[in-house]
Amino acid sequence: MSVNERTYIMIKPDGVQRNLVGKIIARFEERGYKLIALKLVHATPEHLEKHYEDLKGKGFFPGLIKYMASGPVVAMVWQGLDAVKTGRVMLGATNPLASPIGSIRGDYALSVGRNICHGSDSVESAEKEIALWFPEGIVQWTSELEPWVLENN
Ligand code: UDP
Ligand code: MG
């Protein structure tokens, strides 16, 4: 766990279609994380197959790629204390029905195949996903708010 940990968070096509972009971004901003990369992308199936390469062979894989390629996604990198694990807690469980109220999936979704958001599951996958979605790199900037969010900063 580090104060400068980075995680890849993505609003899936259903989150964009349902106008949840602002609400999801607001949760990360309000928690105290720093936005260091952001773009709207209509990804190709090939790109999405790379993103989800660990799941190749699963029965739901073709449907997952079709869903993810069905419209634009919002690709983001958020940085801050324990960003990977806490980001996953903020998202909720893979199955929205098993997600606590107060989590993004627990508040806005019902179906595992329409669970509106993605978050990296480890620091290693975050690094891989950030490189895949942002080959151009992220934006370095100093947050004036940081001393008010993090002790000893
Ligand atoms: N998924 C699905 N059916 C399943 C399991 C997963 O459609 O039985 C989809 C779901 O959208 C999930 C994504 O595949 O978010 C990636 O699966 P993973 O196990 O990595 O879950 P996540 O890390 O997104 O919680
Ligand atoms: Mg995953």
In the structure I gave you, are the side-chain heavy atoms of Ile9 and Met90 within less than 4.5 Å of one another anywhere?
no
Going through the distances and angles, do Ile36 and Gln140 end up as a side-chain contact (heavy atoms from CB on, under 4.5 Å)?
CA-CA 7 Å; Ile36 56 169; Gln140 304 277 8; over 6 Å; no
Report the distance from atom CZ of Arg105 to atom CZ of Arg114, rounding to the nearest 0.5 Å.
13.5 Å
May I ask you to test the Trp133-Met10 pair for a side-chain heavy-atom distance under 4.5 Å?
yes
Please round to the nearest 0.5 Å and tell me the distance separating atom CG of Leu20 and atom CD1 of Ile104.
9.5 Å
Between the main-chain N or O of Val112 and the side-chain N or O of Asn95, is there a donor-acceptor pair closer than 3.5 Å?
no
For the backbone of Tyr108 and the side chain of Arg18, can you confirm whether one donor and one acceptor N or O come within less than 3.5 Å of each other?
yes
Do other residues, nucleotides or ligands put more than 12 heavy atoms under 6.0 Å from the NZ atom of Lys39?
yes
Test item: Asp107 side-chain N/O and Gly102 main-chain N/O as donor-acceptor pair under 3.5 Å:
yes
Taking His118 for its side chain and Ile11 for its backbone only, find out whether a donor-acceptor pair lies under 3.5 Å.
no
Using the rule that two of Ile, Leu, Val, Met, Phe, Trp, Tyr join whenever any of their side-chain heavy atoms come within less than 4.5 Å, decide whether Val73 and Leu132 are in one cluster.
yes
Can you spot which of Cys117, Ser103, Pro96, Ser99 makes a side chain to side chain contact (heavy atoms under 4.5 Å, CB included) with Leu91?
Cys117
Ignoring hydrogens, what is the shortest heavy-atom contact between Phe60 and Leu55? Give both atom names and the distance.
CE1-CD1, 4.1 Å
Do the side chains of Ile25 and Ile116 join up, straight or via other hydrophobic residues, at under 4.5 Å, putting them in one cluster?
yes
With a 6.0 Å cut-off (strictly less than), is the heavy-atom count around CH2 of Trp141, excluding the residue itself, greater than 12?
yes
Does Val21 reach the side chain of Leu40, with side-chain heavy atoms less than 4.5 Å apart?
no
Greater than 12 external heavy atoms within 6.0 Å of Leu97's CG:
yes
Does the structure place the NZ or CZ of Lys12 under 6.0 Å from the centre of the six-membered ring of Tyr67, at an angle of no more than 45° from the ring's axis?
no
Around atom CZ of Arg27, are there more than 12 heavy atoms of other residues, nucleotides or ligands at under 6.0 Å?
yes
From OG (Ser2) to CG (Leu81), nearest 0.5 Å:
8.0 Å
Does some side-chain heavy atom of Asp121 sit less than 4.5 Å from a side-chain heavy atom of Val84?
no
List the atom of Ala126, the atom of Arg6, and the distance in Å for their closest heavy-atom pair.
CB-O, 3.4 Å
With side chains defined as the heavy atoms from C-beta onward, is the minimum distance between Glu127 and Tyr8 less than 4.5 Å?
no
Assess the residue pair Phe134 and Val139 against the criterion (side-chain contact (heavy atoms from CB on, under 4.5 Å)); give the C-alpha distance rounded to whole Å, side-chain angles, the decisive distance to 0.1 Å, and a yes or no.
CA-CA 10 Å; Phe134 291 98; Val139 180; over 6 Å; no
Do Val123 and Ile130 share a hydrophobic cluster (ILVMFWY, side-chain heavy atoms under 4.5 Å, transitive)?
no
Considering only heavy atoms from C-beta outward, does the side chain of Lys58 approach that of Tyr52 to under 4.5 Å?
no
Give, for atom CH2 of Trp78 and atom CD1 of Ile138, the distance between the pair rounded to the nearest 0.5 Å.
13.5 Å
Would a distance-only check, ignoring hydrogens and angles, find a side-chain to backbone donor-acceptor pair under 3.5 Å from Arg88 to Gly119?
yes
Hey, quick one: are Val41 and Met68 part of the same hydrophobic cluster, counting side-chain heavy atoms closer than 4.5 Å, chains of contacts allowed?
yes
When rounded to the nearest 0.5 angstrom, what distance separates CD in Gln79 from CD in Glu146?
7.5 Å
Can you tell if the side chain of Thr86 reaches within under 4.5 Å of the side chain of Phe28, non-hydrogen atoms only?
no
pair Thr7-Lys85: side-chain heavy atoms closer than 4.5 Å:
no
